[in-house]
Amino acid sequence: MITRTDVEAAARRIAGRVRRTPVAEVDPGTFAPAGPVWLKLEYMQHTGSFKARGAFNRILAAAQAGELPPAGVIAASGGNAGLAVAYAATTLRVPAEVYVPSNAPPVKVARLVALGATVRQVGQEYAEAYEAATKRAAETGALFCHAYDHPDICAGQGTLALELLDQVGAVDTVVLAVGGGGLMAGVAAALEGSARVIAVEPETIPTLHAALAAGQPVDIEVSGMAADSLGARRAGTIAYEVATRTGVRSILVTDQAIVTARQLLWDHRRIVVEHGTAAAVAALTTGAYRPAAGERVAILLCGANTDPTDLAR
């Protein structure tokens, strides 16, 4: 379990290591007809996603506690978490080994190698890469950096919510995409008692939605357009606990809605994001989430490691 106190500690720990990403106010009526809407441009973070925040916090917290082994760090990732761990490890001069599914986008694998990580491609889903990575960590003694279900990872991701509040003042609602739930957990913990969190997932990967319906995290089948970035088979325990404690609302959108929202971001703002990231925008463009009159909404655009060629038309 994490709280705002943990997020605040993470913010102090990673200060100077991550970028303060900008915020852009959206033209009225572009995504929602009600009140002001801001886009938090977190895809401009180091390695192209919010994940650098959690990676730095995990490694730095371990180092401060004297728990960072000579073997370095190991991560399992569909791409973005691995990129973040590789970047943070390189910056901090720590060896890194990253396991990814065999269907990880080539652009992400190439960047992992460029960052100096040892890359292992195993299986078709995150769960298979995860199993191989944890086995390797047990063999070598390396620090395992979970992609989303560790308190330091979640707290690090939540620092973007504190940054957002500092930039725009109070907001009523934050809309974000959910995979395993690390970002959602950190943001919901940071905003507990001050703003609601809307968690958006593809209908083909209802990880959090299924957990909330079942009363606990459960395994689901993973498929669809956003599987490379939101393809966690099971929601994290921390994510589930924070979501139930803070009243996070779960919304599902179709793959076609995600494609349309991603294209809209390019057509209207010249913003290129991953399909997973566009799920958050799709919640508003489809009306799956309808803000009330005057409601102040922030949409987190959390990743841009994608091939943009399909946006040209």
Side-chain angles (χ1 to χ4, degrees), residues 10 13-14 16-19 42-43 45-65 67-101 104-105 107-123 126-160 179-183 185-186 228-232 236 238-239 274 276 302-305:
R13 189 175 292 119
I14 68 175
R17 303 284 188 180
V18 298
R19 292 172 179 156
E42 186 64 14
Y43 64 88
Q45 188 54 259
H46 294 300
T47 71
S49 85
F50 68 94
K51 296 279 190 175
R53 296 175 183 269
F56 270 113
N57 193 48
R58 172 69 168 131
I59 297 172
L60 289 170
Q64 289 175 0
E67 298 173 354
L68 185 61
V73 299
I74 286 181
S77 168
N80 285 339
L83 289 171
V85 169
Y87 175 79
T90 296
T91 302
L92 299 172
R93 299 183 179 181
V94 174
E97 189 172 357
V98 180
Y99 285 70
V100 301
V107 64
K108 295 181 181 180
V109 175
R111 291 187 65 196
L112 284 168
V113 174
L115 285 168
T118 299
V119 181
R120 313 288 187 193
Q121 292 188 261
V122 179
Y126 168 78
E128 294 169 282
Y130 174 86
E131 182 179 358
T134 53
K135 180 180 178 181
R136 176 68 171 168
E139 293 170 351
T140 65
L143 179 76
F144 183 66
C145 295
H146 198 287
Y148 55 86
D149 200 21
H150 188 280
D152 292 332
I153 294 290
C154 295
Q157 319 302 26
T159 61
L160 74 82
L183 174 62
D228 68 306
S229 57
L230 302 182
I238 297 170
E274 300 170 8
C302 56
N305 289 308

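When reading the values below, keep in mind they use all heavy atoms of this one structure, side chains included, and skip hydrogens, waters and symmetry mates. Heads up: numbering here begins at 1 and tracks the sequence.
Note that NZ of Lys135 and CD1 of Ile74 are 12.5 Å apart. Values are rounded to the nearest 0.5 Å. With rounding to the nearest 0.5 Å, the separation of OH in Tyr148 from SG in Cys154 is 10.0 Å. Atom CD1 of residue Ile153 and atom CG of residue Leu183 lie 12.0 Å apart, to the nearest 0.5 angstrom. Distance check, rounded to the nearest 0.5 Å: CG of Leu143 to NE2 of His150 gives 7.5 Å. Here the CD atom belonging to Glu67 is positioned 13.5 Å from the CD1 atom belonging to Ile59, to the nearest 0.5 angstrom. Taken from CG in Leu60 to CZ in Arg13, the straight-line distance is 7.5 Å, to the nearest 0.5 Å.
Looking at every heavy atom in both residues, Ala239 comes nearest to Gly180 through CB-O, 3.7 Å. Contact record, Ala75 with Ala133: O-CB, 4.1 Å, taken as the closest heavy-atom pair. Considering all non-hydrogen atoms of both residues, Ala147 and Ala76 come closest at CB-O, 3.6 Å. In plain terms, the two heavy atoms of Ala89 and Ala96 that are nearest each other are CB-CB, 3.7 Å. Counting all heavy atoms, side chain and backbone alike, Gly179 lies closest to Ala232 at C-CB, 4.0 Å. When all heavy atoms of Pro151 and Ile238 are compared, the closest pair comes out as N-CD1, 3.3 Å.
In this structure, the side chains of Thr47 and Arg111 come closer than 4.5 Å at one or more pairs of heavy atoms. For the pair Leu83/Leu112, a side-chain contact is recorded, criterion being any heavy-atom separation below 4.5 Å from C-beta on. Side chains of Phe50 and Gln45 form no contact here, defined as non-hydrogen atoms less than 4.5 Å apart. Side chains of His46 and Thr91 form no contact here, defined as non-hydrogen atoms less than 4.5 Å apart.
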- Task: Dump the intermediate steps for side chain to side chain contact (heavy atoms under 4.5 Å, CB included) on Val85 and Arg58, then the final yes or no.
- Result: CA-CA 9 Å; Val85 169; Arg58 172 69 168 131; over 6 Å; no
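Distance alone, capped at 3.5 Å, is enough to place a donor-acceptor pair between the Asn57 side chain and the Asp152 backbone. Between the side chain of Glu128 and the backbone N or O of Val122, no donor-acceptor pair lies under 3.5 Å. Side-chain atoms of Glu274 come within 3.5 Å of backbone N or O of Asn305 as a donor-acceptor pair.
Using a 30° and 60° split on the angle between ring planes, Phe144 and Tyr130 fall in the perpendicular class, above 60°.
Within 6.0 Å of CD on Glu131 lie no more than 12 heavy atoms contributed by other residues, nucleotides or ligands.
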